[in-house]
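Some notes on the structure that comes next.
Here is how names work: the chains are called A, B, and so on, in the same order as the sequence lines, proteins then strands, and each is numbered from 1.
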Amino acid sequence: MLTTLKARRLLIGSGLALASLVGAACGSDSATTAGSDGTGAEATTGGSAAESAEGIEITGAWARTSPSSVDTGAAYLTIKGGAEDDTLLSASVDASVAGMAQIHEMVPVSGTGSESTMDRGSDSSRAMGSDNSTDSSAADGAMVMQEVKGGIEIPAGETVELAPGGYHVMLMELAEPLKEGAMFDLTLTFENAGEKTVNVEVRTEAP
Amino acid sequence: MIKRSGVPAAFAGALLVGAVTVAGCGSDGGDTTFSGYERTPTPQVGDLTLPAVAADGTEIELAMKASDGKVMLVYFGYTNCPDICPTTLSDVRQALGDLGDDASKVELTMVSIDPKVDTPEILGSYVRSFVPDATAVSTLDDARLRAAAEGFGADYGKEEVDGKLQPFHTTSLYAVDPEGDLVLSWTFGTKPADLAADLRILLERVA
């Protein structure tokens, strides 16, 4: 079983059920689609693997198709730490794909900052959540997206998922909608391992 | 998966008192047959209405209740949401795929919590890229939107993140029956197959 730092954090914070999605996000090798429609170079292998001397390994990179009405998207992948601890600092894509890429995470909304957020409905559902033995004072709580500060720690030998509901590479100002079957390159910058480029497969569903 | 089954006995008892009884609820271990969860008392949302645009472009006053023999799914989200919303809508699409012909008995409505950006056209195009016959609700009448969200126990608003106002929202998906009873809620990350299984049960009840 993979150790997923993010999943742990979210389970503490929000009680969201990530396990299934996290599981689904790893181990993709559906290499049937290889059509590059100009969104990127015909790079290495579909969805699998950029390996470095340090042994950091990136697999299962995929991005969800984006509706034509929006210019944002998200990419997901799995990182297996190498021999030494490392930190994922940033992500980037070619301007032909998107104007900007950032590493984001979903976190429970901290408080009741917004006006009139205290409503009976969510109170009762939260109360129900707390009745639940597992955790989850915010099982039905709200989530907000924020940029990850200071990068994502990749402990040696451990696997960290960027998966729906947790971390994702947010693609902003998409040059064109992400179409099923397209491929593009995503470059991840690690503190120690340096730059690693992976080929991302655009898919309608998680692999 | 978060264990919705770990419901304390007192709570399970309360559920039995409710109008809708959970098959298997209150049995040893408190297992329910649903992956989603029911609330007590069952929220009544059928009297809530919001201005909506149906899939055929018709502007309607949408009551928050399913048509006879159908189940309505309601989701509060926004289009510039690269992670949570497309994941959930994609899961719904997959669940509907699992349902086959019965998918036509499921009515998806997406309510924008960022209506200034999500015009009815943008939201309609967005949600229908996932589920072609979905209904889009985008209203600038915040009082009505707030009232509707509260009826569902959903929270939304904007939170300042890195100096920018970032929309946040409750990430649950809701099911409403023809009586306007909010019969089931799913937390983010419920697997499509589990959504489909729950929907089959709900459809049997309303048949």
Side-chain angles (χ1 to χ4, degrees), chain A residues 11 14-22 24 64-74 76 104 106 109-126 128 131-136 139-147 149 164-166 168 170-172 204-206, chain B residues 1-4 6-8 10-11 35 37 39-41 43 79-84 86-91 93-94 118 121-130 146 149-162 166-172 185 187-192 194:
Chain A
L11 282 168
S14 72
L16 289 178
L18 283 183
S20 53
L21 283 167
V22 165
R64 199 182 295 282
T65 49
S66 68
S68 57
S69 44
V70 298
D71 68 351
T72 54
Y76 306 99
H104 282 204
M106 299 306 303
V109 174
S110 50
T112 53
S114 79
E115 64 292 329
S116 70
T117 51
M118 292 317 294
D119 51 85
R120 272 156 287 146
S122 26
D123 278 350
S124 65
S125 55
R126 276 172 193 148
M128 184 205 156
D131 279 345
N132 229 315
S133 54
T134 340
D135 49 36
S136 75
D140 202 25
M143 302 281 281
V144 69
M145 182 174 69
Q146 67 182 27
E147 187 176 5
K149 296 293 189 313
H168 61 267
M170 181 168 175
L171 305 172
M172 285 163 282
T204 312
E205 319 292 3
Chain B
M1 286 295 295
I2 187 171
K3 282 288 180 280
R4 287 287 160 202
V7 182
F11 186 75
S35 298
Y37 64 94
R39 301 203 211 142
T40 346
T79 65
N80 278 312
C81 163
D83 181 41
I84 297 280
T87 298
T88 301
L89 292 169
S90 171
D91 290 347
R93 171 180 50 205
Q94 284 187 70
D118 297 338
E121 293 73 29
I122 288 175
L123 183 69
S125 158
Y126 177 84
V127 68
R128 280 169 213 129
S129 74
F130 294 93
R146 180 67 63 187
E150 287 185 0
F152 283 85
D155 196 4
Y156 71 90
K158 293 199 176 172
E159 182 159 276
E160 189 169 321
V161 177
D162 305 332
Q166 185 71 37
F168 69 82
H169 59 104
T170 299
T171 55
S172 297
S185 307
T187 51
F188 173 81
T190 304
K191 282 188 285 190
D194 292 334

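- For the side chain to side chain contact (heavy atoms under 4.5 Å, CB included) test, residues two or more places apart in sequence or in another chain that qualify with Pro43(B) are Arg39(B), Leu182(B).
- Rounded to the nearest 0.5 angstrom, Asp83(B) CG and Arg64(A) CZ are separated by 8.0 Å.
- In this structure, chain A has no heavy atom under 4.5 Å from any part of Arg128(B).
- Only the side chain of Ser68(A) comes within contact range of chain B, with heavy atoms under 4.5 Å apart.
- Between chain B and the options His104(A), Met145(A), Met170(A), Met172(A), the largest number of non-hydrogen pairs under 4.5 Å is found for Met145(A).
- For Glu121(B), the side chain to side chain contact (heavy atoms under 4.5 Å, CB included) partners are Thr119(B), not counting sequence neighbours.
- With rounding to the nearest 0.5 Å, the separation of CG in Asp155(B) from OG1 in Thr170(B) is 5.0 Å.
- Each of Ser90(B), Cys81(B), Pro167(B) has some count of heavy-atom pairs under 4.5 Å with chain A, and the biggest count is that of Ser90(B).
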